[in-house]
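Just below is one structure, and these are the notes that go with it.
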Amino acid sequence: MADKTFTYTNDFDNPESPVSGNLTTTSQPGTSPGNPGGAPALNTTIQASRQDGDADRELVLYDGRNVGGFAEFFREPFRADSDETAKPVISDFTMNARVDLIDNSGASTGNGKINGYSFNFGNTSTLPGGTGGALENGVSEGLAIRVLPASDRVQIVWNGTVLSQMVSQNSGDFAANLEFLRVLNMNVSVSETGLVRLIMNEELNTATKLELTAQIPQVDGRSGLTSADQSDWGFSFAGRTGLNAGEVWVDDIALSGRIVCFAKGTLITTATGLKAVEDLQTGDLVLTLDHGYQPLRWIGSWHADAATLAAKPQAQPILIRQNALGPHMPSADLTVSPQHRILVASAIVERMCKVPEVCVAAKHLLGHPGVEIAATPEGVTYYHFLCDAHEIVMANGAWAESLLIAPQMYKCLPWSSVTRIFQLFPRLLSLLDNPQPARASLARKQARKLVERHVRNNKPLVTAAFIDPKTASKAG
């Protein structure tokens with residue numbers, strides 16, 4: 001499974017393409033004119049700026065009284081390629097934009113401040129609708145950054161729940177003066193672990209600054225962002241104001257991020273059929289060689305980008321080509337981490353090891369036809385899952401191990417994942433001193449000799465007749 005990056009920029013300055021960058025502008029239902037002096041209200045249009053002095057073209061999110069609108073952009077990442085087994089999901093991104101919030105001093109109610117706006121990555125159909133819909137609150141499915149002058153606060157929201165906020169404490173702080181900010185630089189970043197960081201500062205006064213962070217809740221040990229169904233998601237700005245007239249202008253959007261594509265996701269045999277590893281959930285029953293169908297207790301993943309792999313060549317994934325181990329083993333190309341152990345079973349194994357089956361690290365199979373270092377110019381995402389015991393499971397038609405609780409796990413998993421496992425299952429800590437592998441595992445030197453003998457004798461690494469669940473008791 002490979003990852004790819006994406007970028008989107010829009011400065012709204014091309015008159016031949018006023019909605020360049022695949023921007024979709026949609027008016028909020030039920031809006032009405034209402035600018036002071038009888039000028040019509042505006043929303044989601046492209047006009048020359050009246051506020052920052054450079055007269056370039058900008059997106060008018062809204063301008064007037066009783067008016068709102070939203071603009072959605074860049075849905076292209078969710079178009080799966082023909083060879084992708086699942087729709088792509090965005091795992092992390094960074095968005096920069098320049099935003100003007102303007103109080104038109106035409107207030108007629110309350111504190112005289114505009115309601116505000118939101119930046120969203122989520123399902124735009126969950127934006128508040130109808131007459132007077134509170135677009136400034138953003139989507140209820142996905143991530144919303146709320147900038148709310150009327151209530152003097154800024155919030156980071158996930159699925160409608162406020163994760164973090166800054167509320168005005170005095171009349172002179174950042175949150176109390178949102179409607180007076182001109183050329184506001186807004187930066188939103190979300191990491192692959194789900195950490196959201198918001199930075200806002202006024203371009204003409206960099207000392208006027210706000211920083212806010214929040215953690216998107218994890219789902220079964222995975223980032224809540226990548227665990228979400230992003231099928232109908234997009235990026236958008238949305239907002240409105242009521243009786244208090246005001247404006248919000250947006251310019252110079254710059255968006256970049258990474259998409260987990262699952263182009264050739266490993267298929268795990270489960271009680272309900274083949275299931276892509278990225279779609280597994282805790283509780284799913286997976287087929288094991290020794291104990292039938294067993295439930296998954298934990299699932300984790302981590303990403304290594306191209307720079308990381310270049311700096312740590314020992315982390316380069318191993319590609320096991322279709323039929324490389326034996327007939328229909330694997331049934332499709334299988335990509336695993338170099339330390340991931342694969343079951344080998346043959347007469348040669350029995351003669352060398354006195355048991356018919358052993359596990360061999362994928363990197364030690366290099367040299368056998370069809371086993372090679374995978375080309376990963378865009379990085380790789382590794383998945384690991386844990387059962388009640390170390391198991392041999394079927395992946396793309398080949399037998400391979402589940403996660404083994406042993407000291408070596410610190411070499412193949414992020415420390416945060418290891419810590420999380422022992423928080424969830426403290427009883428497993430004792431296995432660090434006394435691992436219980438499902439099969440004996442060969443050291444590098446012996447594994448290389450095993451591969452050499454199979455190649456020299458033109459024998460497959462796996463012969464079905466030598467696979468015997470009963471040999472589990474001999475492992476160790």
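These figures come from a predicted structure and were not determined experimentally. Numbering of residues begins at 1 and proceeds along the displayed sequence.
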Ignoring hydrogens and geometry, is there a side-chain-to-backbone donor-acceptor pair from S164 to I156 under 3.5 Å?
no
So which atom in T282 and which in I299 form the shortest heavy-atom distance, rounded to 0.1 Å?
N-CD1, 3.7 Å
Heavy atoms, side chains only, cut-off 4.5 Å: are L280 and T270 in contact?
yes
I'd like to know whether T126 forms a side chain to side chain contact (heavy atoms under 4.5 Å, CB included) with W233, so could you lay out the CA-CA distance, the side-chain angles of the two residues, the decisive distance to 0.1 Å, and finally the verdict.
CA-CA 10 Å; T126 65; W233 287 23; over 6 Å; no
Between F425 and I405, is there a side-chain heavy-atom distance shorter than 4.5 Å?
no
Quick one: NZ on K275 to CG on L285, what's the gap to the nearest 0.5 Å?
10.0 Å
Side chain to side chain contact (heavy atoms under 4.5 Å, CB included) between L296 and C387, intermediate numbers included
CA-CA 5 Å; L296 296 180; C387 298; 3.9 Å; yes
Say you draw a straight line from CG of L334 to CE of M329; how long is it, rounded to the nearest 0.5 Å?
12.5 Å
Within the structure provided, determine whether I318 and L365 are in side-chain contact (heavy-atom separation under 4.5 Å).
no
Might you point out which heavy atoms bring A71 and L59 nearest each other, and give the distance in Å?
CB-CD2, 3.8 Å
Are the side chains of L101 and Y117 in contact, using a 4.5 Å heavy-atom criterion?
yes
Do N396 and I320 pass the side chain to side chain contact (heavy atoms under 4.5 Å, CB included) test, and can you show the C-alpha distance, the side-chain angles, and the key distance before you say yes or no?
CA-CA 10 Å; N396 280 11; I320 303 174; over 6 Å; no
My understanding is that only residues two or more places apart in sequence, or in another chain, count here; which of them pass side chain to side chain donor-acceptor pair (under 3.5 Å) with T213?
none
Looking at every non-hydrogen atom in both residues, tell me the closest pair between G138 and A144 and how far apart they are.
CA-CB, 4.1 Å
Backbone of Q322 reached by a side-chain donor or acceptor of D333 within 3.5 Å
yes
How long is the straight-line distance from CG of N96 back to CD1 of I199, given to the nearest 0.5 Å?
9.0 Å
Compare all side-chain heavy atoms of V167 with those of D152 and state whether any distance is below 4.5 angstrom.
no
Check G116 against P149 and note the closest heavy-atom contact, atom names and distance.
CA-CD, 3.5 Å
Does CZ belonging to R153 count more than 12 external heavy atoms closer than 6.0 Å?
yes
For Y62 and G69, indicate whether the former's side chain and the latter's backbone hold a donor-acceptor pair under 3.5 Å.
no
With a 4.0 Å cut-off on N to O distance, would you call R98 and E58 a salt bridge?
no
What's the spacing between S125 OG and L127 CG if we round to 0.5 Å?
8.0 Å
Side-chain contact test, heavy atoms from C-beta onward, threshold under 4.5 Å: evaluate it for T335 versus T266 and give yes or no.
no
Going by the rule side chain to side chain donor-acceptor pair (under 3.5 Å), which residues pair with H390 if we only count those two or more places apart in sequence or in a different chain?
E401
Determine, for E136 against R146, whether the closest basic-nitrogen to carboxylate-oxygen distance falls under 4.0 angstrom.
no
Please step through side chain to side chain contact (heavy atoms under 4.5 Å, CB included) for the pair V190 and L195, ending with a clear verdict.
CA-CA 5 Å; V190 182; L195 178 66; over 6 Å; no
N120 side-chain N/O to G122 backbone N/O, donor-acceptor pair under 3.5 Å
no
Do F235 and I90 make a side-chain contact, defined as non-hydrogen atoms from C-beta onward lying under 4.5 Å apart?
yes
To the nearest 0.5 angstrom, please state how far the CH2 atom of W158 sits from the CD1 atom of I216.
4.5 Å
Less than 4.5 Å apart, any side-chain heavy atom of F237 and any of I253?
yes
Shortest non-hydrogen contact from G234 to E72?
CA-OE2, 3.5 Å
Give, for atom CG of L198 and atom CG of N187, the distance between the pair rounded to the nearest 0.5 Å.
8.0 Å
Would you say the side-chain atoms of S118 pair up with the backbone N or O of L135, donor to acceptor, closer than 3.5 Å?
yes
What are the two closest heavy atoms between V250 and A97, and how far apart are they?
CG1-CB, 4.4 Å
